[in-house]
Amino acid sequence: MAEKLEPAKVLYCGVCSLPAEYCEFGPDFARCKPWLIENAPDLYPDLLKEANEKGVDNVSDKLQSVGISGADGAAPSSSQSGGTSKKEEVKRLPGGKVKKKDRQEVIIEKVVRNKRKCITIVKGLELFGIKLSDASKKLGKKFATGASVVKGPTEKEQIDVQGDIIYDIVEFITDTWPDVPERSIFFIEDGKKVQAG
């Protein structure tokens with residue numbers, strides 16, 4: 001009989017979740033370096049040398065900044081190191097891209113279907129803390145039409161209201177939800193974004 005082979009044990013990076021051998025080809029190798037130095041120093045011996053050189057430089061910099069008055073000089077150096085860690089806490093998407101915050105704006109668009117039927121689409125109300133299901137009910141009651149929450153082409157939820165109420169809806173939104181300023185409401189007309197006010 002043939003010998004049973006043992007499965008290969010693979011060490012996966014705790015930062016990018018790739019095998020440790022492939023971290024250098026991953027989206028953000030700089031973030032993986034501290035983890036690799038600590039957990040897999042034999043795979044990247046050059047990183048260990050760099051870390052030792054930087055460590056010596058950091059110690060000499062700290063000694064120079066402390067000077068004779070140890071208590072006064074130590075506090076600023078610790079606050080500086082705390083500030084850099086806050087800058088590094090940026091949300092990242094797969095592939096290492098930085099996630100942008102959505103601008104707080106409501107976009108209203110009119111779509112015509114079957115040459116006669118109009119649908120008014122309202123996007124962005126959830127950015128102001130408004131529940132879309134409640135908003136669709138209020139819009140349906142106010143304008144006596146059908147209104148529903150659907151996922152748009154960008155996988156974000158939006159409100160579809162039957163009928164052409166594009167100009168009446170601005171006043172309703174600002175009256176019903178005072179948190180939504182009129183300068184944050186935009187129309188899409190002929191493919192261009194135009195401010196409602």
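Index from 1, following the sequence. Values below: all heavy atoms of this structure, side chains included; hydrogens, waters and symmetry mates excluded.
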Locate the shortest heavy-atom distance separating [X] from [Y]; write the atom from each residue and the value.
X      : Y      : value
Phe128 : Asp179 : CD2-O, 3.7 Å
Ala30  : Pro34  : O-CD, 3.6 Å
Phe187 : Ile166 : CE2-O, 3.2 Å
Leu43  : Ala20  : CD1-CB, 3.5 Å
Cys23  : Cys16  : SG-SG, 3.6 Å
Leu18  : Pro27  : CD1-CD, 4.5 Å

**salt bridge (Lys or Arg N to Asp or Glu O under 4.0 Å) against Asp164, all qualifying residues, sequence neighbours excluded** = Lys110
**Prompt:** Considering the options Thr145, Ile119, Ile108, which one meets the side-chain contact (heavy atoms from CB on, under 4.5 Å) requirement together with Val161?
**Reply:**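 Checked Thr145, Ile119, Ile108 against Val161; only one passes side-chain contact (heavy atoms from CB on, under 4.5 Å): Thr145.
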So how far is it from [X] [atom1] to [Y] [atom2], rounded to the nearest 0.5 Å?
X      : Y      : atom1 : atom2 : result
Lys33  : Cys13  : NZ    : SG    : 13.0 Å
Ile165 : Lys142 : CD1   : NZ    : 10.0 Å
Glu182 : Asp175 : CD    : CG    : 9.5 Å
Ser136 : Lys141 : OG    : NZ    : 10.5 Å
Glu189 : Glu109 : CD    : CD    : 10.5 Å

**Item:** Under 3.5 Å donor-acceptor, Thr176 side chain and Phe172 backbone
**Value:**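 Checked: pair present.
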**Salt-bridge criterion met for Lys156 and Glu126 (N-O under 4.0 Å)** =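 Not counted as a salt bridge, because no side-chain N and carboxylate O are separated by less than 4.0 Å.
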Quick check: is [Y] connected to [X] through a chain of hydrophobic side chains (ILVMFWY, heavy atoms under 4.5 Å apart)?
X      : Y      : value
Val180 : Tyr167 : yes
Ile169 : Phe186 : no
Phe143 : Ile121 : no
Leu11  : Leu36  : yes
Ile37  : Trp35  : yes

**Request:** Please step through side chain to side chain contact (heavy atoms under 4.5 Å, CB included) for the pair Glu105 and Leu127, ending with a clear verdict.
**Result:** CA-CA 8 Å; Glu105 58 188 20; Leu127 299 175; 5.7 Å; no
For atom [atom1] of [X], is the number of surrounding heavy atoms from other residues, nucleotides or ligands below 6.0 Å larger than 12?
X      : atom1 : result
Lys117 : NZ    : no
Glu171 : CD    : no
Tyr22  : OH    : no

**Message:** Taking ring-ring contact (aromatic ring centres under 6.0 Å, His included) as the definition, give me every residue that meets it alongside Phe29, ordered by chain and number, with sequence neighbours left out.
**Reply:**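 Here the qualifying residues are Tyr44.
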**Message:** If hydrophobic residues (ILVMFWY) are linked whenever their side-chain heavy atoms come closer than 4.5 Å, directly or via other members, who joins Ile188 in its cluster?
**Reply:** Ile107
**Request:** Flag the pair Asp160 / Gln158 as yes when at least one side-chain heavy-atom distance between them is below 4.5 Å, and no otherwise.
**Result:** yes
**Prompt:** Side chains of Leu125 and Ile173: does their closest heavy-atom pair fall under 4.5 Å?
**Reply:** yes
